[in-house]
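Because the structure is predicted, anything quoted here is derived from the model rather than measured. In what follows, chains carry the letters A, B, and so on, assigned in the order in which the sequence lines appear, proteins first and then strands, with residues in each chain numbered from 1.
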Protein chains: 2
Amino acid sequence: MNMQTSQTRSRAGLAAALRVSISRLSRRMRAEGGHSLSATQIGALGAVARHDALTPGELAAHEKVQPPSMTRTIARLEADGLLTRSPHPTDRRQVVLSLTAAGDKLLKEERRRKEAWLAQRLAELTPEEQSILRQAAPILERLSHG
Amino acid sequence: MNMQTSQTRSRAGLAAALRVSISRLSRRMRAEGGHSLSATQIGALGAVARHDALTPGELAAHEKVQPPSMTRTIARLEADGLLTRSPHPTDRRQVVLSLTAAGDKLLKEERRRKEAWLAQRLAELTPEEQSILRQAAPILERLSHG
DNA sequence: TATTGTTATACTCTATAACTATA
DNA sequence: TATAGTTATAGAGTATAACAATA
């Protein structure tokens, strides 16, 4: 068997193993986040946090939902005091969204819980295993971006 | 600074980095799966595939939904010809679920797409990076299980 | 009586189509 | 006319409560 075939087979096996672990870890972390908001709401709030001063249309495009769906999500988050709608400086059709202090705090708490859960699991690994994951982390980061 | 403090800080940083990459990879893989079924339907079908001859109650418990919700999901999957409901051998109250050939094929196709996407990303890494991920894979597997 | 599964009903999230205000 | 956002309405997925069949 030639080298290319061997590499390809190995890579498919690696992909299969990583797919299962990544999916399961993601599911478990989601379960640890605390359930004050739905995944939809957390997603929208997180996008506003990352790109401040988004319009509803931009947010809908970013979250890959239609504008009317985002209208409802925004209405709920605004009613809960987690984000604010303010007039666009130059275009009176548009609206600008920003996080409130409460929204910011809630997002940070959500992240904190997930990371605390993961950190606890990491603490149960040997130093060698932790070292391997430290090497792997930037690679996974690149993999997730590209 | 003592060693313990350094390790702890390092671990929190590692947890933060892994949380972001894992969440993003999971989201991207999900988007690659092909959208013939919803996440709910894929989840239920996958559980039946992993533990054949499940009852609706067991499946609902496994997927962490209430029995009436699973009744609807099962009805849809049965109507689509992806699983079958047959009488329980000894308890006439119960029902036994099994995958059809079409359900099995659909699940395998879904997995194949996600893994093909991931394998393609892996192919863009250097051999050294791939080697690190091969070492990391069993650790992530354990992390996701515990 | 207790358990398994289903039906009835309501709430959330999603969509498409139609509408309002503004450019 | 075109664009940004909202309102109207409908379909899928979830839940709780009530029910039927069986143990």
Chemist: Looking at B:S38, does any N or O in its side chain come under 4.0 Å of the phosphate oxygens OP1/OP2 on D:dA12?
Modeler: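 No, outside the criterion.
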Chemist: In residues 49-59 of chain A, which residues come under 4.0 Å of DNA chain D by heavy atom?
Modeler: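 A:T55, A:P56, A:G57 - these, ordered by number, are the residues of the stretch whose heavy atoms sit under 4.0 Å from the strand.
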Chemist: Once you round it to whole Å, what is the distance between C1' of D:dA12 and CZ of B:R76?
Modeler: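 For the pair B:R76 CZ and D:dA12 C1', the rounded distance is 8 Å.
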Chemist: Do B:L107 and B:L99 make a side-chain contact, defined as non-hydrogen atoms from C-beta onward lying under 4.5 Å apart?
Modeler: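 Yes - at least one pair of side-chain heavy atoms lies under 4.5 Å apart.
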Chemist: With a 3.5 Å distance limit and no angle check, can you tell me whether A:S23 reaches the backbone of A:R19 through a side-chain donor-acceptor pair?
Modeler: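 Present.
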Chemist: Does the salt bridge (Lys or Arg N to Asp or Glu O under 4.0 Å) test come out yes or no for B:K105 and B:E109, once each step is laid out?
Modeler: CA-CA 6 Å; B:K105 184 181 165 199; B:E109 174 62 14; over 6 Å; no
Chemist: Rounded to the nearest Å, what distance is computed from the CD atom of residue B:E78 to the C1' atom of nucleotide C:dG5?
Modeler: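 Whole-Å distance recorded here is 13 Å.
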Chemist: If you apply the rule side-chain contact (heavy atoms from CB on, under 4.5 Å), what do you find for A:L106 with A:I42, and how did you get there?
Modeler: CA-CA 9 Å; A:L106 188 147; A:I42 288 287; 4.0 Å; yes
Chemist: CZ of B:R121: more than 12 outside heavy atoms within 6.0 angstrom?
Modeler: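 Enclosed: over 12 neighbouring heavy atoms sit under 6.0 Å from CZ of B:R121.
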Chemist: Within this structure, what is the CD1-to-P distance between A:I74 and C:dT14, rounded to whole angstrom?
Modeler: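 Answer to the nearest Å: 12 Å.
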Chemist: Quick check for you: to the nearest 0.5 Å, what is the distance between B:H51 atom NE2 and B:E58 atom CD?
Modeler: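 Here the interatomic distance stands at 9.5 Å.
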Chemist: How many Å lie between CZ on B:R85 and C1' on C:dG5, as a whole number?
Modeler: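 Distance check: B:R85 CZ to C:dG5 C1' gives 9 Å.
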Chemist: Check whether A:T71 reaches the backbone of A:P67 with its side chain - one donor and one acceptor, N or O, closer than 3.5 Å.
Modeler: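 Confirmed, A:T71 side chain pairs with A:P67 backbone.
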Chemist: Under a 4.0 Å heavy-atom cut-off, which of residues 24-33 of chain B touch DNA chain C?
Modeler: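 Result for residues 24-33 of chain B: none.
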Chemist: Between A:E129 and A:L133, is any pair of side-chain heavy atoms under 4.5 Å apart?
Modeler: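 No; the side chains remain at least 4.5 Å from each other.
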Chemist: Quick one: does B:L97's side chain get under 4.5 Å of B:L77's, heavy atoms only?
Modeler: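 In short, these two side chains do not touch, never coming nearer than 4.5 Å.
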Chemist: Spell out protein contact along nucleotides 14-23 of chain D as letters: B when the base is contacted, S when just the sugar-phosphate is, - when no protein heavy atom is under 4.0 Å; keep the 5' to 3' order.
Modeler: BBBB---BBS
Chemist: Rounding to an integer number of Å, can you tell me how far B:Q94 CD sits from C:dT6 P?
Modeler: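 About 11 Å, once rounded to whole Å.
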Chemist: Quick check: does any side chain N or O of A:T100 sit under 3.5 Å from a backbone N or O of A:G81, one acting as donor and the other as acceptor?
Modeler: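 Side chain of A:T100 to backbone of A:G81, a donor-acceptor pair under 3.5 Å: yes, one is there.
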Chemist: A:E115 side chain to B:A12 main-chain N or O, any donor-acceptor pair under 3.5 Å?
Modeler: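 Absent.
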